[in-house]
Amino acid sequence: METRLAPAIRETAAGAEADAILRACVHCGFCLATCPTYQLLGDELDSPRGRIYQIKQVLEGAQPTRQTQLHLDRCLTCRSCETTCPSGVEYGHLVDIGRAAVDERVERPWRERVYRWLLREGVTRPWLFGTALRLGRSVKWALPPSLRAKVSVARPAGVLPTRVHSRKVLLLNNCVQPSMSPSIDAATARVLDAVGVQSIIAPGSGCCGAIRQHLDDQSGARDNFRRNIDAWWPLIESAEVEAILINASGCGAMVAEYAHLLRDDPAYAHKAKRVVELARDLAEFLPQAITAAGIGLRAANRTIRVAFHPPCTLQHGLKIRGKVEALLVSLGAEVVPVRDAHLCCGSAGTYSLLQPELSQTLRARKLETLLENRPQVVLSANIGCISHLQGATETPVRHWIEWVDQALGQRTTP
């Protein structure tokens with residue numbers, strides 16, 4: 001694609017990156033077939049190709065409008081288009097640049113600004129989010145449907161392991177997961193303990209930065225990156241930990257971008273690169289840990305039919321496909337096929353709160369495909385997807401590590 005970016009933009013780091021991404025696009029349209037919003041709305045402007053054209057126009061000097069902003073807001077940033085694209089267009093990076101450029105020139109309505117501020121500041125602070133969640137659960141009946149679906153009853157964490165192992169890993173100190181579902185981190189710690197790995201959460205670490213990155217606060221997101229790097233660095237530098245394990249793929253996809261987004265920061269660029277080298281999704285680490293431990297892990301439970309929903313951040317962001325399913329099968333699960341597994345469930349971070357109608361339609365479609373082969377449980381790899389899907393089905397929706405924990409008989413509480 002030929003570009004003529006405005007000089008003031010072209011001479012910036014973001015402008016140079018956007019120019020290279022735009023030039024890689026051959027406007028073939030393959031991405032339209034796998035874009036959830038284009039499938040729903042049928043509007044080219046709500047497709048990756050259409051959004052690329054709009055971003056190009058803005059970066060070339062055209063005045064964006066509120067409508068431009070809405071088309072970019074409707075993007076889930078699922079990055080399914082990246083998986084489909086034969087030219088390797090880095091759409092996720094481009095849409096971040098485009099959104100920032102539009103938001104600089106188009107002021108949002110005041111109610112929208114306040115709502116986004118509340119999400120940025122409330123969700124990223126565990127103590128505040130936890131308090132709000134407990135309050136929400138107490139008045140669940142009075143909440144609007146989009147919020148009501150988010151306040152399901154938390155499953156208890158159970159007993160945490162206390163053994164000390166020579167092998168140690170860092171776990172991410174998530175912002176919402178400990179309050180929404182403490183059982184996930186606890187199950188992770190127990191399963192790792194079973195294979196001889198001790199999990200550590202570094203004091204001072206916190207939100208990965210994804211919420212701020214995607215809610216008009218890219219500067220605040222970088223502050224989150226730096227805070228986490230500072231908290232992790234002593235353990236990394238001393239080689240006390242061998243990996244940074246992440247059991248929420250949305251967070252994993254964000255941490256994977258630390259080196260890219262801090263590449264121009266002389267104080268953090270090399271540290272961010274090392275963090276990305278050490279960061280691994282739990283599904284990448286656990287099979288190797290089982291092998292290294294030299295033990296045969298075998299599920300004690302009877303065969304159970306499970307449907308696995310691979311979050312977009314896992315399959316399109318981190319490019320991890322098939323690893324969870326293979327592990328589940330090795331532990332005795334019957335993993336049923338799921339039609340259109342590449343499509344988003346509609347959660348997409350705060351998207352389900354900001355675009356509830358589109359989000360709920362996508363959820364209904366996803367549940368239809370997940371449940372058509374009658375699984376006994378739906379498993380996934382991201383807290384957002386799990387809570388979003390559970391809000392519209394009676395079929396249990398769990399993190400896959402919770403199922404593994406149960407299957408291996410590690411849990412001591414129901």
Side-chain angles (χ1 to χ4, degrees), residues 1-109 112 116 210 212-219 221-222 253-254 257 260-261 263-264 312-313 316-317 344 348-349 351 354-355 358:
M1 181 182 291
E2 184 179 352
T3 61
R4 295 186 179 86
L5 269 59
I9 294 174
R10 187 177 61 243
E11 294 167 5
T12 66
E17 181 184 10
D19 191 54
I21 297 171
L22 288 167
R23 287 177 179 273
C25 178
V26 297
H27 43 86
C28 63
F30 285 10
C31 55
L32 274 65
T34 56
C35 174
T37 53
Y38 181 72
Q39 288 191 6
L40 290 184
L41 302 172
D43 185 343
E44 174 95 12
L45 295 177
D46 285 309
S47 74
R49 184 170 67 179
R51 293 184 181 110
I52 287 172
Y53 273 120
Q54 292 172 86
I55 292 168
K56 175 179 180 288
Q57 290 173 338
V58 171
L59 298 181
E60 289 180 337
Q63 176 60 40
T65 65
R66 172 64 175 154
Q67 201 60 36
T68 310
Q69 192 174 57
L70 290 172
H71 287 303
L72 296 186
D73 283 350
R74 289 191 193 118
C75 175
L76 293 139
T77 323
C78 69
R79 296 169 66 183
S80 179
C81 54
E82 290 189 15
T83 298
T84 306
C85 180
S87 301
V89 174
E90 295 179 341
Y91 174 83
H93 291 164
L94 181 64
V95 78
D96 279 349
I97 295 168
R99 282 170 169 159
V102 170
D103 289 342
E104 284 179 2
R105 299 162 68 182
V106 178
E107 187 175 57
R108 295 180 180 276
E112 196 171 304
R116 284 172 168 256
R212 293 187 182 277
Q213 177 71 11
H214 300 302
L215 280 179
D216 317 327
D217 186 13
Q218 295 183 7
S219 174
R222 282 159 177 74
M254 185 75 266
E257 296 290 337
H260 175 76
L261 294 171
R263 65 192 183 280
D264 296 322
C312 299
T313 43
H316 304 308
C344 184
Y351 189 93
L354 296 169
Q355 303 286 338
L358 289 174

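These numbers come from a predicted model, not from an experiment. Residue numbers count from 1 along this sequence.
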Quiz item: How far apart are the closest heavy atoms of Val95 and Cys75, and which atoms are they?
Solution: CG2-SG, 4.5 Å

Quiz item: Do the non-hydrogen side-chain atoms of Glu11 and Leu5 ever get within less than 4.5 Å of each other?
Solution: no

Quiz item: Do any N or O atoms from the side chain of Arg105 and from the backbone of Ala101 form a donor-acceptor pair under 3.5 angstrom?
Solution: no

Quiz prompt | Polar side-chain atom of Arg212 near backbone of Asp217 as donor-acceptor pair, under 3.5 Å | solution = no

Quiz item: Is the side chain of Glu60 donor-acceptor paired with the backbone N or O of Arg4 at a distance under 3.5 Å, no angle test?
Solution: yes

Self-check item: Close side-chain approach of Thr3 and Leu59, heavy atoms under 4.5 Å
Solution: no

Quiz item: Can you tell if the side chain of Leu261 reaches within under 4.5 Å of the side chain of Asp96, non-hydrogen atoms only?
Solution: no

Quiz prompt | Residues forming a salt bridge (Lys or Arg N to Asp or Glu O under 4.0 Å) with Asp103, sequence neighbours excluded | solution = Arg108

Quiz item: Which heavy atom of Glu17 sits nearest a heavy atom of Ile97, and at what distance?
Solution: OE1-CD1, 3.6 Å

Quiz item: Between Thr68 and Gln54, what is the shortest heavy-atom contact and its length?
Solution: CA-OE1, 3.9 Å

Exercise. Kindly compute the distance separating CZ (Arg10) from CG (Asp19), expressed to the nearest 0.5 Å.
Key: 8.0 Å

Self-check item: Cys31 SG to Ile52 CD1 distance, which is reported to the nearest 0.5 Å
Solution: 6.0 Å

Quiz prompt | Straight-line distance of Tyr91 OH to Ile55 CD1, nearest 0.5 Å | solution = 5.5 Å

Quiz item: Would a 4.5 Å heavy-atom cut-off, applied to side chains only, mark Phe30 and Pro86 as touching?
Solution: yes

Quiz prompt | Chi angles and distances behind the side chain to side chain donor-acceptor pair (under 3.5 Å) call for Gln69, Arg66 | solution = CA-CA 5 Å; Gln69 192 174 57; Arg66 172 64 175 154; 2.6 Å; yes

Exercise. Taking all non-hydrogen atoms of both residues into account, name the closest pair between Cys85 and Gly88 and its distance.
Key: SG-N, 3.5 Å

Quiz item: Between NE2 of His93 and CD of Glu82, what distance do you get to the nearest 0.5 Å?
Solution: 7.5 Å

Practice problem: With rounding to the nearest 0.5 Å, note down the distance linking CG in Asp216 to CD in Glu104. | Solution: 11.0 Å

Quiz item: If only atom types and distance count, is the side chain of Thr65 paired as donor or acceptor with the main-chain N or O of Gln67 below 3.5 Å?
Solution: yes

Quiz item: Got Arg74 and Leu41 here, is their nearest side-chain heavy-atom distance under 4.5 Å?
Solution: yes

Quiz item: With a 4.5 Å limit on heavy-atom distance, are the side chains of Glu112 and Leu354 in contact?
Solution: no

Quiz item: Just how far is it from atom CG of Asp46 to atom CZ of Arg51, taken to the nearest 0.5 Å?
Solution: 5.0 Å

Quiz item: Do other residues, nucleotides or ligands put more than 12 heavy atoms under 6.0 Å from Tyr53 OH?
Solution: yes

Exercise. Kindly indicate whether the side chain of Met1, heavy atoms from C-beta on, has any atom under 4.5 Å from the side chain of Arg23.
Key: no

Practice problem: Of all the heavy-atom pairs spanning Thr34 and Pro36, show the shortest one and how long it is. | Solution: O-CD, 3.4 Å

Self-check item: Pairing of Asp73 and Arg116 as salt bridge, 4.0 angstrom limit
Solution: yes

Exercise. Could you pull out the closest heavy-atom pair between Arg99 and Thr77, with the gap in Å?
Key: NH1-OG1, 2.9 Å

Quiz item: Taking atom types as modelled, is there a side-chain donor on Ser80 or Thr83 under 3.5 Å from an acceptor on the other?
Solution: no

